[in-house]
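The structure appears below as structure tokens.
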2 protein chains.
Amino acid sequence: MSTAQDMLFRTLADPTRRALFERLCREGEKTVGALTERAGVSQPVVSKHLGILKQAGLVRDRHEGRQTHYSAQLGALAPLVDWTSEMAGFWQSRFDALENLLKRMDQ
Amino acid sequence: MSTAQDMLFRTLADPTRRALFERLCREGEKTVGALTERAGVSQPVVSKHLGILKQAGLVRDRHEGRQTHYSAQLGALAPLVDWTSEMAGFWQSRFDALENLLKRMDQ
DNA sequence: TCGCTCCATAGCTATAGGTTTATCCATAGC
DNA sequence: GCTATGGATAAACCTATAGCTATGGAGCGA
């Protein structure tokens, strides 16, 4: 089984891809051409990365004539936040258990 | 330059590695042998992944006789939280700008 | 000292995936 | 209809890396 976290981590692991997503977050909707200009890679690479980002739900595409506009879908980051919270939660509960133990020992 | 986010995303992108980190978060400190039992991969692979996790600051090791105990370092997740917040922040500010524009247009 | 256990390292192979070039499709302009 | 442009797809290449086995080395017990 492939979890949502797995998809997100793998998708965001590539620097080029993450940079594309960051630009869409910072600057809002952009066409493939506009994204390619400062991406440092060729247009096919940009298209492919956008496809992967789309598959992960991190971006949305809107067709207008012969150009495609992409925009960030921030909600897709939710599983990432959830995962981080979960890990922190486990840590916290173990910390609480330790605190409890120390209190009991103190009595 | 290799940012902290890059390191974290790449490190956590591998399922085996992430599973190891999750177990350390859930169950606390564990030896390499204990981790290897349910990892589904060989011991050298576990050692290698633990090394990468350590390099990313996600785990800490403690030597005791011939066994090595590993534990999760939750603080290392901070750059991840920061990055997510930053992305959300950009989105929010663009949203605010839009809201502002709509208010002005409404007047 | 001699084995035995625990972990790390080295060497190797195989596969995943990022990049490029070439090409195709659809749309816009003339 | 013809050409040019924006974007997507295909094929080929190549690097990175996850996995294995084999081995080394350090601590423990007899």
Side-chain angles (χ1 to χ4, degrees), chain A residues 1-3 5-24 27-73, chain B residues 1-3 5-24 27-73:
Chain A
M1 117 191 167
S2 178
T3 66
Q5 299 99 12
D6 194 63
M7 189 85 151
L8 285 177
F9 276 119
R10 261 189 318 167
T11 301
L12 294 171
D14 182 73
T16 305
R17 207 148 50 211
R18 200 170 57 255
L20 285 172
F21 179 69
E22 287 183 13
R23 275 193 69 192
L24 290 176
E27 309 171 12
E29 193 181 71
K30 289 233 170 295
T31 67
V32 175
L35 287 170
T36 301
E37 280 183 22
R38 304 199 169 206
V41 289
S42 64
Q43 174 267 316
V45 170
V46 173
S47 277
K48 189 178 175 186
H49 282 310
L50 287 171
I52 296 174
L53 284 167
K54 181 183 173 187
Q55 201 171 351
L58 286 164
V59 301
R60 218 173 71 82
D61 60 344
R62 180 174 68 80
H63 299 280
E64 185 179 329
R66 43 182 182 178
Q67 39 196 5
T68 311
H69 299 257
Y70 282 88
S71 55
Q73 289 286 100
Chain B
M1 118 190 166
S2 177
T3 66
Q5 300 98 13
D6 193 63
M7 189 85 148
L8 285 178
F9 275 120
R10 260 187 319 167
T11 301
L12 294 171
D14 182 74
T16 304
R17 208 151 47 212
R18 199 170 57 254
L20 285 172
F21 179 70
E22 288 183 12
R23 276 194 67 192
L24 289 177
E27 310 172 10
E29 192 180 73
K30 289 234 171 292
T31 66
V32 176
L35 287 170
T36 300
E37 279 182 22
R38 305 201 167 205
V41 290
S42 64
Q43 173 267 316
V45 169
V46 172
S47 277
K48 189 177 173 187
H49 281 309
L50 287 172
I52 296 174
L53 284 166
K54 182 183 172 186
Q55 201 171 351
L58 286 164
V59 301
R60 218 172 71 83
D61 61 343
R62 179 174 67 82
H63 298 280
E64 184 180 329
R66 8 167 216 194
Q67 39 194 4
T68 311
H69 299 257
Y70 282 88
S71 55
Q73 289 286 99

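Just so we're on the same page: letters track the sequence lines, and every chain starts at 1.
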Please list, one pair per line, the donor and acceptor atoms closer than 3.5 Å that link side chains of residues 34-44 of chain A to other protein atoms, with sequence neighbours excluded.
{"residue": "A/T36", "atom": "OG1", "partner": "A/V32", "partner atom": "O", "Å": "2.8"}
{"residue": "A/Q43", "atom": "NE2", "partner": "A/S47", "partner atom": "OG", "Å": "3.1"}

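- Listed nucleotides: C/dG18, D/dT21, D/dA10. Nearest to the side chain of B/P44: D/dT21.
- Rounded to an integer number of Å, the gap from CD of B/Q55 to C1' of C/dT9 is 15 Å.
- For the pair B/L20 and B/V59, the minimum side-chain heavy-atom distance is 4.5 Å or more.
- For the pair A/D61 and A/L50, the minimum side-chain heavy-atom distance is 4.5 Å or more.
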Collect all protein-nucleotide pairs involving nucleotides 3-7 of chain D in which both atoms are nitrogen or oxygen and the distance is under 3.5 Å.
{"residue": "D/dT5", "atom": "O2", "partner": "A/R66", "partner atom": "NH1", "Å": "2.8"}
{"residue": "D/dG7", "atom": "OP1", "partner": "A/V32", "partner atom": "N", "Å": "3.3"}
{"residue": "D/dG7", "atom": "OP2", "partner": "A/G33", "partner atom": "N", "Å": "2.7"}
{"residue": "D/dG7", "atom": "O3'", "partner": "A/T68", "partner atom": "OG1", "Å": "3.3"}

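- If you take NE2 of A/H49 and C1' of C/dA16, they are 14 Å apart, rounded to a whole angstrom.
- Distance check, rounded to the nearest 0.5 Å: NZ of B/K30 to OG1 of B/T68 gives 15.0 Å.
- Atom NZ of B/K48 is separated from atom C1' of D/dT17 by 6 Å (rounded to the nearest Å).
- Within 6.0 Å of CD on B/E27 lie more than 12 heavy atoms contributed by other residues, nucleotides or ligands.
- For the atom pair B/L53 CG and B/K48 NZ, the distance stands at 12.5 Å (nearest 0.5 Å).
- A residue-by-residue look at B/V46 and A/D14 shows that B/V46 has its nearest nucleotide of DNA chain C further toward the 5' end.
- Distance, B/M7 CE to D/dA16 P: 16 Å, rounded to whole Å.
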Can you list the steps and then say if B/L58 with B/I52 is a side chain to side chain contact (heavy atoms under 4.5 Å, CB included)?
CA-CA 9 Å; B/L58 286 164; B/I52 296 174; over 6 Å; no
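- Nearest nucleotide to the B/V41 side chain, out of C/dG17, C/dT21, D/dG19: D/dG19.
- If A/L50 and B/R17 are placed on DNA chain D by their nearest nucleotide, the residue sitting closer to the 5' end is A/L50.
- No donor-acceptor distance shorter than 3.5 angstrom exists from the side chain of A/R17 to the backbone of A/L12, with no hydrogens or angles considered.
- Going from atom CD of A/E64 over to atom C1' of C/dA28 covers 13 Å, rounded to whole Å.
- Just one of B/R60, B/R62, B/R23 meets the salt bridge (charged side-chain N to carboxylate O under 4.0 Å, His left out) condition when paired with B/E29; it is B/R62.
- Picking from D/dA18, C/dG18, D/dC20 the nucleotide with the shortest atom distance to the side chain of B/I52 gives D/dA18.
- A close approach under 4.0 Å does not occur between any side-chain nitrogen or oxygen of A/T16 and OP1 or OP2 of C/dG18.
- In this structure a side-chain-to-backbone donor-acceptor pair under 3.5 Å is missing from B/R10 to A/A13.
- Rounded to an integer number of Å, the gap from A/L35 CG to D/dA8 C1' is 15 Å.
- Atom pair B/L20:CG and C/dC7:C1' shows a separation of 15 Å (rounding to whole Å applied).
- Regarding contacts with the backbone of C/dT19, every side-chain N or O of A/S42 stays at 4.0 angstrom or more from both OP1 and OP2.
- Regarding B/K54, its NZ atom lies at a distance of 13 Å from the C1' atom of C/dC7, rounded to whole Å.
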Pairing string of DNA chain C (Watson-Crick or G-U wobble, both atom distances under 3.5 Å; | = paired to other strand) is ||||||||||||||||||||||||||||||
